[in-house]
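We count ligands from 1, going down the list as the structure has it; atoms in each ligand are counted the same way. Sequential numbering from 1 along the given sequence is applied to the chain's residues.
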Amino acid sequence: DTTHIRNLPIPALRAMVLESGAPEYRFRQLATWLYARLGADFESMTDLPRSYRDHLAASFHIAAATPASIQESALDGTRKYLFEMRDGARVEAVLMRYEDRTTLCVSSQVGCPLDCVFCETAKGGFRRNLSAGEIVDQICTLKADAGLESKKVNIVFMGMGEPLLNMSAVTDAIRTLNDPLGLNLGTRRITVSTSSFPDRIRALADSGVSCSLALSLNAPDDALRRRIMPRSSRFTIEELLDAARYFVGTGKRRVTLEYVLLRGVNTSDGHARALGRLTRGQPFKLNLIPYNPGRRDPFERMPEEELDRFVTILQPLAPAVTVRRSRGVDIDAACGQLWTKDMGDKTGPVEGTA
Ligand code: SAH
């Protein structure tokens, strides 16, 4: 079988080209095709000599993630892609266009080993980690498909999976995203979202990659957090915030605390005050996420007036508070709604209703 060329770190790509006896500029041409022009096959790389294109095609393939289906939201144009990997594993990724930016939400694992009670992906179980190339491919394919070759995009690791449980592939992927000859994206354009693992948050801070961090807090105290995110609560909120402060301290990096609003579960006036006390004076932003309904969750979305009240209590205490607008709700593309049929989920919907 051939090697997935986008799975090679950029320095390895360069070494491969030079070892084949080709000059340095050949490497630059190839990198430009792979990550700027987003070529889908070697054949179309017409400024490479024919013999060199054949040479590459004999050893490598370009894309490992092919779109098996694409759905577009009638509400806001959000597009949800179902990607199929070469072994048949499937993950979802989402493209969101805003007036001033485009954000791609990508998956880091096929399924997820965590058990957050409000999240669809968790219900399907875990199948395997994605490779760095499979992560980078989601981005290259989404960009090419939307005609965004020359545009910088924002990347959020908020699709399926827990990025910090797939550290090496995620950091390798981010290196390719950061590289000027890769996607050329800096700290502010890439956000890794995690629900736990203070030691891994520190390792990410020390890894040398440029990215921002989002920590899925979702509860203002450990007892409640343990109820809604059992496996992510092996560490205390204090331990997590400690690691988040470390992350902020290692550079000009941002940390956002995410808080999914589950009506009647973590949305009382008392929860707002506790969240305010917890985050007061901290170097974080706070992002409230209205709950996006899943298949048979017992949870409810918060009505607008209740949300306003929660924010009003929180605002004077907490650092910068924002509310995330859900996108692609009509195609189940919003936060926490990503799920695919082949996850082996016995409680899932019948064929065709996912
Ligand atoms: N495992 C990582 C990344 C994937 S989840 C993490 O936990 O951060 C990305 C974000 O979506 C998290 O903040 C998570 O709490 C949130 N989320 C999960 N299910 C949701 C739902 N049903 N409605 C709204 N947000 C949800």
Which of the numbered atoms in ligand 1 are below 4.0 angstrom from a heavy atom of [X]?
{"X": "N218", "value": "15 (O)"}
{"X": "G161", "value": "1 (N), 2 (C), 3 (C), 4 (C)"}
{"X": "G159", "value": "4 (C)"}

Using the ring of [Y] (Phe, Tyr or Trp, six-membered ring only), decide whether [X] places NZ or CZ under 6.0 Å from its centre and within 45 degrees of its axis.
{"X": "R234", "Y": "F197", "answer": "no"}
{"X": "R202", "Y": "Y246", "answer": "yes"}
{"X": "R263", "Y": "Y291", "answer": "no"}
{"X": "R101", "Y": "Y98", "answer": "yes"}

What I want to know is whether [X] and ligand 1 share at least one N or O pair that is separated by under 3.5 angstrom.
{"X": "E258", "value": "yes"}
{"X": "Y291", "value": "no"}
{"X": "I289", "value": "no"}
{"X": "F118", "value": "yes"}
{"X": "M158", "value": "no"}

Pick one of side chain, backbone, both or neither for how [X] approaches ligand 1, counting any non-hydrogen atom pair under 4.0 Å.
{"X": "P290", "value": "backbone"}
{"X": "F157", "value": "backbone"}
{"X": "N292", "value": "both"}

Heavy-atom proximity to atom 6 (C) of ligand 1, best of S216, A334, S326, A122: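 Among S216, A334, S326, A122, the closest heavy atom to atom 6 (C) of ligand 1 comes from S216.
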
Within a reach of under 6.0 Å around CZ of R309, are more than 12 heavy atoms found that belong to other residues, nucleotides or ligands?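 No, CZ of R309 has 12 or fewer neighbouring heavy atoms, counting only those of other groups under 6.0 Å.
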
Which protein non-hydrogen atom lies closest to atom 16 (C) of ligand 1, naming both residue and atom, and how far is it?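 Going atom by atom, the protein heavy atom closest to atom 16 (C) of ligand 1 ends up being V260 CG2, 3.8 Å.
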
Give the minimum heavy-atom separation between A203 and M167, together with the two atoms involved.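 Heavy atoms only, the tightest pair is CB-CE, 3.8 Å.
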
